[in-house]
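Each residue takes its place number in the sequence, starting with 1.
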Amino acid sequence: MLPKKTGVLAAALVVLTLAGCGIGADLPPIPEGIPPGPGTPLPVIDVDGPGRTALQLRGWAGEQAGVLGIPSVALEAYGYAAAVMARSRPDCGIAWTTLAGIASVESKHGTHRGSDVDDHGTVVPAIVGIPLDGSPGVALIRDTDGGTLDGDQVYDRAVGPLQFIPETWKRWGVDANGDGVIDPQNIDDAALTAARYLCASGGDLTSERGWQSALMTYNQSTHYLLTVRDRAAAYSVGRRV
């Protein structure tokens, strides 16, 4: 969630070219419009189950992971976050595809620069962004956590697979995998935290206005919003990006 310069939404939606999607008549077209589609429906799970309850989605995720190019553990995390929010904030309507679109842009689902997501959902090695030092196109955010999360005592840096700045994580972070730790480098914790933040920012994410508002709060860039939209829309019809 790296702050950038604010953009103004174009009057007409421009569909961005997605690297790796491929071109061919056998591939379903990427739907236009906002918000992107909800994708494959989630099975009913017990969101209050013990331990890493996202494991209940292993079969659902396994059927899609290879096709979408998303690690199964990450896909479980996005689905679980959407399921939790469907119960706690049914008015929000956030879909797993939106979380997947964001994570794709932010960290390639926790695989940025050789990192990987282990069986417990933790990203190894940790993903830490550039210093938010006010360079061109980058916000200026001086250190807010003494370097606890990002290792930088001068400037804040976005951390984890969903790229939260430490101050935002301190306010919104949540333990989603039942291990008693609120860890921005854990994709379960990060996905549910992102879902909570987006719902609070946008309200009804099934509406165009709500979805745009949520994404612009997450990152104030029109290019970012459109990239996430296109990737989420591709996932919604079973296409990898």
Novice: Keeping the roles fixed (side chain from Thr97, backbone from Ser236), state whether a donor-acceptor pair exists under 3.5 Å.
Specialist: no
Novice: Let me confirm one number: the CG-CD distance from Asp230 to Glu32, rounded to the nearest 0.5 Å.
Specialist: 8.5 Å
Novice: With sequence neighbours left out, write down each residue that passes salt bridge (Lys or Arg N to Asp or Glu O under 4.0 Å) with Asp91, or none if nothing qualifies.
Specialist: Arg89
Novice: According to the interplanar angle, ranging from 0 to 90°, do the rings of Tyr197 and Tyr218 count as parallel (below 30°), tilted (30 to 60°) or perpendicular (above 60°)?
Specialist: perpendicular
Novice: Provide the closest heavy-atom pair for Leu162 versus Leu99 in the form atom of the first, atom of the second, distance.
Specialist: CD1-O, 4.5 Å
Novice: For the atom pair OG1 (Thr227) and CD1 (Ile102), what is the distance rounded to the nearest 0.5 Å?
Specialist: 12.0 Å
Novice: Looking just at side-chain N and O atoms, do Ser221 and Asn219 make a donor-acceptor pair shorter than 3.5 Å?
Specialist: no
Novice: So, taking the atom named CG in Leu149 and the one named CG in Asp156, what distance separates them when rounded to the nearest 0.5 Å?
Specialist: 8.5 Å
Novice: Does any N or O in the side chain of Arg239 come within less than 3.5 Å of the main-chain N or O of Pro28, such that one atom is a donor and the other an acceptor?
Specialist: yes
Novice: Is Ile45 close to Thr53 at the side-chain level, that is, under 4.5 Å between some pair of heavy atoms?
Specialist: no
Novice: Quick one: which of Asp189, Asp188, Val159 gives a side-chain contact (heavy atoms from CB on, under 4.5 Å) with Asp183?
Specialist: Asp189
Novice: Between Glu208 and Pro35 (side chain of the first, backbone of the second, donor and acceptor by atom type, cut-off under 3.5 Å), is there such a pair?
Specialist: no
Novice: Looking only at heavy atoms, what is the nearest atom pair of Tyr155 and Leu140, with distance?
Specialist: CE2-CD1, 3.6 Å
Novice: Distance from Tyr224 atom OH to Glu106 atom CD, nearest 0.5 Å?
Specialist: 3.5 Å
Novice: Looking only at non-hydrogen atoms, find the nearest pair between Asp152 and Asp145 and report the distance.
Specialist: O-OD1, 4.4 Å
Novice: Verify, without hydrogens or angle tests, whether Ser88 (side chain) and Val84 (backbone) share a donor-acceptor contact under 3.5 angstrom.
Specialist: yes
Novice: Any non-hydrogen side-chain atom of Thr98 less than 4.5 Å from a side-chain atom of Tyr78?
Specialist: no
Novice: Working to the nearest 0.5 Å, report the span between CG of Asp204 and OG of Ser213.
Specialist: 11.0 Å
Novice: Looking at Asp143 and Arg157, does any basic side-chain N land under 4.0 Å from a carboxylate oxygen?
Specialist: no
